[in-house]
Amino acid sequence: MAKWLVKTEPSECSIDDFAAKSGSSIPWDGVRNYQARNFMTQMAEGDEVFVYHSSCKHIGIAGIVTVTRSAYPDPGQFDPKSPYHDSKSTPEKPRWQAVDMAFERKLPRLIPLDELKSLPGLDNLPLVKKGSRLSVMPVSDEEWQIILKQAG
DNA sequence: GCCAACGTTGGC
DNA sequence: GCCAACGTTGGC
């Protein structure tokens with residue numbers, strides 16, 4: 001089972017929003033970056049995903065969600081009224097994909113970015129690289145264990 | 001709010 | 001295909 005990490009602004013969709021809807025799925029949509037989209041299409045039902053809070057007071061990894069539905073065309077791209085509308089996208093040739101995810105658990109504590117940066121073994125994780133804007137990325141089993149262990 | 005780093009667009 | 005200009009991301 002593959003593992004992943006997604007970035008989100010908690011004001012948009014936080015781990016607590018997932019927790020509040022525990023037992024039901026939330027669409028992960030609005031991704032408009034090709035590399036991130038390509039990773040999303042590789043997600044499978046049951047994959048675990050770290051949720052990272054960005055652009056906020058407490059930046060870091062906050063919890064874990066599970067993929068409940070693999071990639072399907074992101075509806076927003078077809079809707080002219082959607083902020084995620086893409087005029088070059090058609091239902092026959094969709095450009096962007098969404099997945100569904102559901103709450104699994106919060107980490108015992110939030111792991112701040114500076115802590116992630118200082119941990120050995122995470123050097124290859126795009127998240128900790130300066131200037132990286134990739135919002136969906138794979139996490140190796142080794143990286144996953146390092147982060148879980150750090151959470152306590 | 002600032003600004004460096006990045007991805008995308010479009011003229012050539 | 002190059003690359004300057006632009007808009008966005010995201011830590012600080």
Side-chain angles (χ1 to χ4, degrees), chain A residues 2-21 26-43 47-67 70-101 103-140 142-152:
Chain A
K3 294 179 168 58
W4 310 92
L5 182 145
V6 295
K7 290 184 194 173
T8 178
E9 298 187 17
S11 58
E12 296 290 324
C13 181
S14 73
I15 191 69
D16 289 320
D17 293 329
F18 276 101
K21 288 196 169 187
I26 294 179
W28 198 264
D29 56 8
V31 172
R32 294 295 179 265
N33 169 281
Y34 290 104
Q35 200 181 354
R37 178 206 60 185
N38 292 345
F39 285 131
M40 285 173 75
T41 63
Q42 297 172 33
M43 290 180 172
D47 282 0
E48 288 183 303
V49 184
F50 278 137
V51 172
Y52 172 88
H53 288 171
S54 69
S55 299
C56 60
K57 184 102 180 263
H58 301 292
I59 297 167
I61 297 177
I64 299 172
V65 295
T66 312
V67 176
S70 61
Y72 60 94
D74 182 345
Q77 67 192 312
F78 309 126
D79 180 0
K81 292 193 286 293
S82 167
Y84 301 123
H85 177 241
D86 187 336
S87 59
K88 300 200 185 91
S89 215
T90 65
E92 292 74 29
K93 286 193 89 175
R95 183 181 280 196
W96 305 112
Q97 300 286 118
V99 299
D100 288 353
M101 299 183 181
F103 182 70
E104 184 171 310
R105 59 192 165 94
K106 292 178 77 165
L107 293 187
R109 64 186 185 91
L110 180 131
I111 313 298
L113 177 60
D114 56 358
E115 219 170 298
L116 294 166
K117 282 180 174 168
S118 72
L119 277 179
L122 300 183
D123 308 350
N124 289 326
L125 197 62
L127 183 75
V128 304
K129 290 186 178 164
K130 186 185 177 187
S132 173
R133 292 162 53 170
L134 186 61
S135 62
V136 179
M137 67 193 77
V139 177
S140 72
E142 291 76 14
E143 291 162 341
W144 186 272
Q145 288 308 321
I146 289 169
I147 292 164
L148 276 192
K149 190 177 169 197
Q150 186 71 8

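Note that this is a predicted model, so its numbers are computed, not measured. In what follows, every chain begins at residue 1, and chains take the letters A, B, ... in the order their sequences are listed.
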message: Considering every strand and a 4.0 Å limit on heavy-atom distances, what is the contact class for A/Lys117: base, sugar-phosphate, or nothing?
response: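 Sugar-phosphate only.
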Non-hydrogen side-chain atoms of A/Ile15 and A/Phe103 separated by less than 4.5 Å |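 They are in side-chain contact.
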Note, A/Tyr52 side chain near A/Leu113 side chain (heavy atom, < 4.5 Å)
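Yes - at least one pair of side-chain heavy atoms lies under 4.5 Å apart.
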Practice task
I would like to know whether A/Trp96 and A/Tyr72 meet ring-ring contact (aromatic ring centres under 6.0 Å, His included); could you show each step before the answer?
Solution key: CA-CA 8 Å; A/Trp96 305 112; A/Tyr72 60 94; over 10 Å; no
**Request:** May I have the step-by-step check of side chain to side chain donor-acceptor pair (under 3.5 Å) for A/Thr41 and A/Gln97, ending in yes or no?
**Result:** CA-CA 7 Å; A/Thr41 63; A/Gln97 300 286 118; over 6 Å; no
On a heavy-atom basis, which atom in A/Asp79 and which in A/His85 lie closest, and how many Å separate them?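 So the minimum-distance heavy-atom pair works out to O-CB, 3.0 Å.
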So where does chain A start and stop touching DNA chain C, 5' to 3', when the test is distance under 4.0 Å to a non-hydrogen atom?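 For DNA chain C, the relevant span reads C/dG7 to C/dC12.
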